[in-house]
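For reference, the structure is listed below as structure tokens.
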Amino acid sequence: MDTDKTEEHQPLTSVCRNGGLTCFNDSLVLNRSAVLRLNFCAKNPPLRQAEKRWQQAFQRDSAMNKVLILILFTWTTTTGQGLRKISIDELVNDFKILKTTIQEIHPDLYRYTSKAVLDGEFDSLLRTINTELTEVEFYQKIAPWVALIKNGHTAIRLPDSYYNQITLLPLRVVEIDKRIYIKTNFSDNASELVGYELIRVNDISIKDIMRKITPYVSLDGFNEDAKYKAAVEDDFAYYYSYVFGQSEYFELELKNPRDQKEIRKKLKGISNTEFNLKYSQDTPFPWTIKKVDTLNAVLLRIGSLNNLANKEGKQISFKSFLKQTFDEIKEQKVENLIIDLRNNGGGELKNSILLYSYLTDSPFQFTKEIEIATVSPPTYIQYTDYTKALKFDSFEPKNVIRRDTSFILAKHFSMETNKPSNNSFSGSLYVIINGQTGSSAGSFTAYVRNEKRGKIIGEENRDNYTGFSAGVPVTLTLPSSNIRVYIPLRKFTYATGDDNGMGVTPDYPVKASYSDYFSVSDTEIEFVATLVDRINRTSN
């Protein structure tokens, strides 16, 4: 099997000694900072994090397996210094093209924010365009308006040329209980400062930084905790850059949580190229399987739902990984399956369906309904790739049913009746999620909940439980600013229930503390291990 697989032979006490997820080609990839980040595959990061903790919970004294590839999508910006100015008339024209196009083709524009509010905010912003602006200054006006739509797949980014101009804070950070800690240091002394709390950057308090960057985050619905986490863990360095500008050096005020001592540190900024290179080195392989004989269980880590991932120069397909995994699960007569979807930002929708096909013995329909706004091209089609985007969907009259002011797709692969896969698993299922579980990983979780297939453990995820707008986007390039906006065409419904704008609520809420996160413990996995053991003992 082309996986990192380790079979365990150890007593239960060693398991529970502490008491205890491209482009959008038919895909659902969460645009968590409202942008597109390249996918990277690399080795494990050097510190304890959700992607590798679960292995440490089961194997304290042996070499760690490689785990998650964190699908992330990124974007960048600059300070606006030395950039060309755009005239008022050009800015107003760009803004009107943006509003008109979104209004015409977005399938779920007013789900969370009313038309009156969106229009009012638009008119207020339009009145502020009374002078020339740079691309960045214009971006700072329209990005919060796009985020007000509250759809994680409605994305906005600056022109590619800005990637070459920015200098970034050389840190990846993590949010724990609304505090921000250094997860990875990309500067020369990589091990230095890991685990330190970030108090101020260039004399700006974290409270003020978060207050100003959070409105830029596009996320589905009303989960404010997930939105805060996204602002921190998705692209904090980029958010800081376009809101506060770039610096050659960053003056940091830090606190060591272990002794509460505060220090000041000066870090040299790094280029976008260097940041992404080091980010790739900080991102492990996404799919791993681990047998735990003491629980008759398998831990299946799925860090992305992409089609392919690179492992030591070799392309591994998700389809082949699943087949080999479930063949072995069947052969070894495994009774408990733990699927870890923490920090899985999504991937291909068909892979969510494929994964569920291994967890059922009955035919199933994954998507209940798909709605689109229109079958007509947008007014400003010349600034879009609308025709190209439609190649991935057949909006033919025979496949579309009109309903009130929108349309329903009568045909789509995700609405077909899917058959169970060979060697499907019928035992007990446990799914671990967190605030970074989203898009197609979120739709899989919602389907598991809706079908009552297994227990959900962890934190509420970042998507709407019933569904969200996603899929192949139309790319709108505003003609004067060259800012690009990605607009989804389809509204997917996966589950029934109250549409309250919140994610999947876990059956067992569990969240790691600071001491657990920056240690060899894995709070969520250890909780599941204890739960499985208790259920096993009860059933026996």
Side-chain angles (χ1 to χ4, degrees), residues 21 26-30 71 108 152-153 220-221 223 226 300-306 318-319 322 325-326 337-371 409 412-421 424-471 488 490-508:
L21 5 354
D26 285 325
S27 70
L28 300 175
V29 183
L30 190 65
I71 285 288
D108 203 16
H153 293 81
D220 287 86
N223 188 338
L300 179 58
R301 173 61 187 163
I302 300 178
S304 84
L305 288 164
N306 279 359
F318 186 69
K319 183 177 180 179
L322 284 188
T325 294
F326 282 93
L337 176 61
I338 304 166
I339 299 180
D340 187 356
L341 295 178
R342 287 174 293 178
N343 299 327
N344 185 326
E348 300 289 334
L349 176 57
K350 66 180 181 181
N351 288 333
S352 296
I353 299 171
L354 178 62
L355 177 58
Y356 192 81
S357 74
Y358 281 101
L359 303 173
T360 182
D361 57 7
S362 303
F364 65 99
Q365 179 184 342
F366 195 84
T367 301
K368 298 185 180 301
E369 182 179 272
I370 299 176
E371 182 179 353
L409 289 188
H412 188 266
F413 76 90
S414 68
M415 295 192 296
E416 296 174 355
T417 299
N418 299 277
K419 297 180 180 179
S421 293
S424 61
F425 175 75
S426 60
S428 298
L429 175 67
Y430 306 85
V431 179
I432 306 177
I433 62 173
N434 65 3
Q436 295 286 69
T437 304
S439 200
S440 54
S443 64
F444 170 82
T445 305
Y447 199 81
V448 168
R449 163 58 58 78
N450 192 67
E451 298 299 311
K452 299 179 173 59
R453 176 60 185 90
K455 299 296 184 182
I456 312 295
I457 298 94
E459 303 173 69
E460 179 183 349
N461 75 313
R462 63 198 301 170
D463 293 328
N464 187 320
Y465 162 66
T466 61
F468 45 84
S469 296
R490 299 170 292 186
K491 174 187 175 183
F492 294 82
T493 299
Y494 299 109
T496 57
D498 294 335
D499 185 1
N500 60 4
M502 302 300 286
V504 175
T505 302
D507 299 297
Y508 300 94

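Sequence positions, counted from 1, serve as the residue numbers for this chain. Note: hydrogens, waters and symmetry copies are ignored here, and every other heavy atom, side chains too, is used.
- For the pair Gln436/Arg342, no side-chain contact is recorded, criterion being any heavy-atom separation below 4.5 Å from C-beta on.
- When all heavy atoms are compared, the tightest approach of Ser424 to Asp361 is OG-CA, 4.4 Å.
- In terms of heavy atoms, Phe318 sits closest to Ile302 at CE1-CG2, 4.0 Å.
- Ser439 and His153 are linked by a side-chain donor-acceptor pair at a separation below 3.5 angstrom, with hydrogens and angles left out of the test.
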* To do: Check the pair Asn434 / Asn461 against side chain to side chain donor-acceptor pair (under 3.5 Å), numbers first and verdict last.
  => CA-CA 5 Å; Asn434 65 3; Asn461 75 313; over 6 Å; no
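- Shown here are the ring pair (Phe, Tyr, Trp, His ring centres under 6.0 Å) partners of Tyr356, two or more places apart in sequence or in another chain: Phe364, Tyr447.
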* Run the numbers on Ser357 and Asn418 for side-chain contact (heavy atoms from CB on, under 4.5 Å), then give the verdict. => CA-CA 7 Å; Ser357 74; Asn418 299 277; 5.7 Å; no
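- A salt bridge is absent between Lys455 and Asp507; no separation between the charged side-chain nitrogens and carboxylate oxygens falls under 4.0 Å.
- A ring-centre distance under 6.0 Å is not found for Tyr494 and Phe444.
- Here Ser426 pairs with nothing under the side chain to side chain contact (heavy atoms under 4.5 Å, CB included) rule; sequence neighbours left out.
- With sequence neighbours left out, Glu369 forms a salt bridge (Lys or Arg N to Asp or Glu O under 4.0 Å) with Arg403.
- The side chain to side chain contact (heavy atoms under 4.5 Å, CB included) search around Ser414 returns Leu349, Ile353, Thr367, Ile370, His412, Phe492, not counting sequence neighbours.
- The side chain to side chain contact (heavy atoms under 4.5 Å, CB included) search around Lys419 returns none, not counting sequence neighbours.
- Residues passing the side chain to side chain contact (heavy atoms under 4.5 Å, CB included) test with Asn450, sequence neighbours excluded: Lys368, Tyr465, Ala495, Thr496.
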